[in-house]
Structures are given as C-alpha cells and as structure tokens.
There are 2 protein chains.
Amino acid sequence: MTIEQHFANIVSFYYANRRMPSYQEIAKLAQFRSKFAALKLVNHLIEAGRLQKDATGRLLPTRHFFEIPWLGSVVAGYPNPAEEELLDPISLEEFLVKNKQATYMLNVTGDSMIDAGIMPGDIVLVERREHAKHGEIVVAQVDGEWTLKRLYKRGRKVSLEAANKKYPPIVPKEELRIAAVVCSLIRKY
Amino acid sequence: MTIEQHFANIVSFYYANRRMPSYQEIAKLAQFRSKFAALKLVNHLIEAGRLQKDATGRLLPTRHFFEIPWLGSVVAGYPNPAEEELLDPISLEEFLVKNKQATYMLNVTGDSMIDAGIMPGDIVLVERREHAKHGEIVVAQVDGEWTLKRLYKRGRKVSLEAANKKYPPIVPKEELRIAAVVCSLIRKY
DNA sequence: TTGACAAGTGTACGAACGTACACCTACTAT
DNA sequence: ATAGTAGGTGTACGTTCGTACACTTGTCAA
C-alpha cells in the first residue's frame, strides 16, 4: 500500500468515526501488526504537513481533511485534476461562515432579486447585524413587512431596491429595521 | 453556569482544538474540580441528544456542532431565532457535497449563464461525471473548447444552450465531451 | 427542623494511549 | 559478497483516559 492510500484511509476513518484514529487503529487500517510502524507512518505524514499533533500528542485533522479541490475557472479551460491544483483548496464551512454564532440560513421565495442572480428557491446565508452599508443585500422589515432587498444609502436618503424592474424601490415611511445582511448564496441543483 | 453555556463551551473547544475535550478538560471548561462532575454533565447532554459516545467511550461531536440554523423563508417573515427553528438545521458540507471524491470547485467567468442566475465571479461545485441528463448544467468541451452550459437532449439532437440571449446554442460538430455536472452554486458577497 | 435529592469533591482502578528501544527482515548500492 | 538502510515486529513503560464509589455540600419542600 502506498502512503497515499494510507492517508486516504485515515481521512476515511475520520469521516466515518468523526474522530482521528489512535495509533492502534492506524496500524489496523494500514495492516501493520505493530503500533510503532503506525507511529513512523504518522511522523512521515506530519513532516509532509498532512497530519498534525497537538501539545498532548493527539492527532488532529488538517485542512487536507476538509478541503474541496479548487480547479480554477471554467472558461479558462478545465484543468486536469491530476495536475497540480491552480488555487488553494478550501473548506466550505470556513469559506462561507465567518461568524458562526450569528449566521443563519434562509430560504428565498419570490423573484424580487432575480436580476442580482438570487432566484426563488435559493438559500442565503445571513449574518445577524443591524447596520449595513450601501449596496449590501439585507433582510429588513419595512413598515411591518419582511423583505430581501438591496440597501441604498445616499446621505439621509435610505431605500430598499429590488433587483427586478417589476418592483419599485421601497422608501420606508415609518421604520426600517435591518435584521441581517446576506453574506453568501447557495443553490442546489 | 447553565447547561447551555457548558455545551457552548464544549462546542467552542471543539472548534478551537479540532477534537473533543476529555473529561478532565470538560471539568476545566466548566470550572469543576472533579472529573466525575464532568462525566455527569456529559451524561445529561447525551440523554438530551446533544453529545454522543462511540463504542470505546470517546466523545463524538453531533450534528449540533456543525449545523447552521435554518430559519425558513424570507418573505414568510423573519422568524425569531429564539423561537424554535422552523426547519432542521444542517451542515453545509453534508448539504452540498454528496460525493466528496469527485467534487471540485470551479470559478465562473463570463455571463453566458446569467439568466439561470449564474453570474461571473460565482463558484460552482461540480461532480466529475461523463453522462448528464437533459436540462442539467454541465462543464463540457465542444470542439476543443471548455464551456459551462445547459445540456439539451432531445432524441438524437444534443446541444449546449447558454442562458443568455446574446449567445446562440452550440451544436457540437465533432465531439461533445462532458467533464462534470454542476450540483450547486456558491456566491460570496 | 428535617429529610430528600441534586450537584460537586476526592480518590481509586483497569484499560488504552502515545512513545521508546532492541530486534528482525528485505532491499539497495557499492 | 557485504555493509547500510528503510520499514515492520514485539515488548515495555509511564501517562492519561473513561468509569466507579463513597462522601460532602447546598437547596427546597414538607
């Protein structure tokens, strides 16, 4: 078995068991009869930056465990995954969620933001925040009603603009309460 | 300290250390002087379904560790996060990636799919696959060039259609090689 | 006031952990 | 042929793990 396969087995174990294997378990995965052989294997993987240990000697997963290969752009040509990746691979969770405590998912219904590429059925990740900048897409309550719109702020003038010609801009009469700011969009096919 | 805070501390530990704490460490987090108090706390959390143990007695993270609260839909009104969540919370990774081995990220450039809500700068998660169904969005090589288009299949007729009136459908003269199928879309603001 | 009960303390114990060392193969280069 | 070396085996050791039990403390209802 190659070292690649050993590493793949460790990653698989982590996904199946939601924890890192012990040296005993690594030995089993690699079909060694001795823990020490597993320890040497692990040390090689650590030197290669593919595994990590914490201060107490426990094994930790590295970014290689979570990341999805990032291949570059489509029109630039579809690169061969066997080649070196063009961009750093990345963990989805880390990539999309900055402030976990304040982040929520929200279904989008309605076509009011369709020209901004937000379609009915999409999911937005929003961060709870009461203040937003000009141009950000916000979840807001205007005169008692909740909507998803782009915030326009020009001096004292504040309005919420849909990205769809069918809907006119909303200028709040009484109150404009911003509940959250859209920080990313997800769509499943 | 409430049990909520204890649980939050354990989740924080998991995020900071990429592993579950030992009972000793839980005792420290909860400011107990005895491991046994931590064990009792953990048992309560296990009964509540917030923690798990595997066959070897090790603690495991549950779905509560990964999930992002899902609040429902925007136009239906913005629900109060303090209330019960409307939909099951979910882990992004689990939600978006089915087949981890074959999944890659790809940057989108160009506006050829803009009417399908795929804008330049977006990222698509694609699954490597050579066969696609009618209507799926595919990464394909037609006559030597890579593109992102919607696949049209009607009997023997096969073509690639852009979602933008500026671009005419592409009917492959020689070969149509499908490299991957788009399974989800991500956009960061 | 008293009794019941939940919650935290301190100590103990076997099992499993990470680590170390001597030994034993194969293979490689000289 | 032979010496060196990388990789696997078996055993050993101190530490930490999860678990258990008896004890103390604080709280609340009767």
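By convention in this document, chain letters (A, B, ...) are assigned in the order of the sequence lines, proteins followed by strands, and residues within each chain are numbered from 1.
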Engineer: Once you round to the nearest 0.5 Å, how far does CD of B:Gln52 lie from CZ of A:Arg18?
Structural biologist: 4.5 Å
Engineer: Is a side-chain donor or acceptor of B:Asn164 paired with a backbone partner of B:Ile114 at a separation under 3.5 angstrom?
Structural biologist: no
Engineer: So, OP1 or OP2 of D:dC17: does either fall under 4.0 Å of a side-chain N or O from A:Arg58?
Structural biologist: yes
Engineer: Atom CD1 of A:Ile26 and atom C1' of C:dA16: how far apart are they, to the nearest Å?
Structural biologist: 15 Å
Engineer: Rounded to the nearest angstrom, tell me the gap between atom CG in A:Leu39 and atom C1' in D:dA12.
Structural biologist: 15 Å
Engineer: Establish, with yes or no, whether the OP1 or OP2 oxygen of D:dG8 is under 4.0 angstrom from a side-chain nitrogen or oxygen of A:Arg33.
Structural biologist: no
Engineer: Between B:Glu4 and B:Arg50, does at least one N-O distance fall below 4.0 Å, as a salt bridge requires?
Structural biologist: yes
Engineer: Specify the separation, in whole Å, of atom OH of B:Tyr23 and atom C1' of C:dA16.
Structural biologist: 15 Å
Engineer: Classify the ring geometry of B:His134 against B:Tyr152: parallel below 30°, tilted from 30° to 60°, perpendicular beyond 60°.
Structural biologist: perpendicular
Engineer: To the nearest Å, give me how far apart CD (A:Glu25) and P (C:dA16) are.
Structural biologist: 11 Å
Engineer: Counting heavy atoms from C-beta on, name the nucleotide in D:dG7, D:dT9, C:dT19 closest to the side chain of A:Ser34.
Structural biologist: D:dT9
Engineer: What is the separation between atom CZ on A:Phe32 and atom P on D:dA6, rounded to the nearest whole Å?
Structural biologist: 16 Å
Engineer: Are any side-chain N or O atoms of B:Thr147 and backbone N or O atoms of B:Lys149, one a donor and one an acceptor, separated by less than 3.5 Å?
Structural biologist: no
Engineer: Among C:dA16, C:dG8, D:dC17, which nucleotide has an atom closest to any side-chain atom of B:Ala37?
Structural biologist: C:dG8
Engineer: B:Ser22 side chain N/O closer than 4.0 Å to the phosphate oxygens (OP1, OP2) of D:dC17?
Structural biologist: yes
Engineer: Taking CE from B:Met20 and C1' from D:dG18, how many angstroms apart are they, rounded to a whole number?
Structural biologist: 14 Å
Engineer: I need the NZ-P distance between B:Lys40 and C:dA6, as an integer number of Å.
Structural biologist: 9 Å
Engineer: Between C:dT9, D:dC17, D:dG7, which nucleotide gets closest to the side-chain atoms of B:Phe36?
Structural biologist: C:dT9
Engineer: In this structure, how many angstroms lie between the P atom of D:dT19 and the NZ atom of B:Lys35, rounded?
Structural biologist: 10 Å
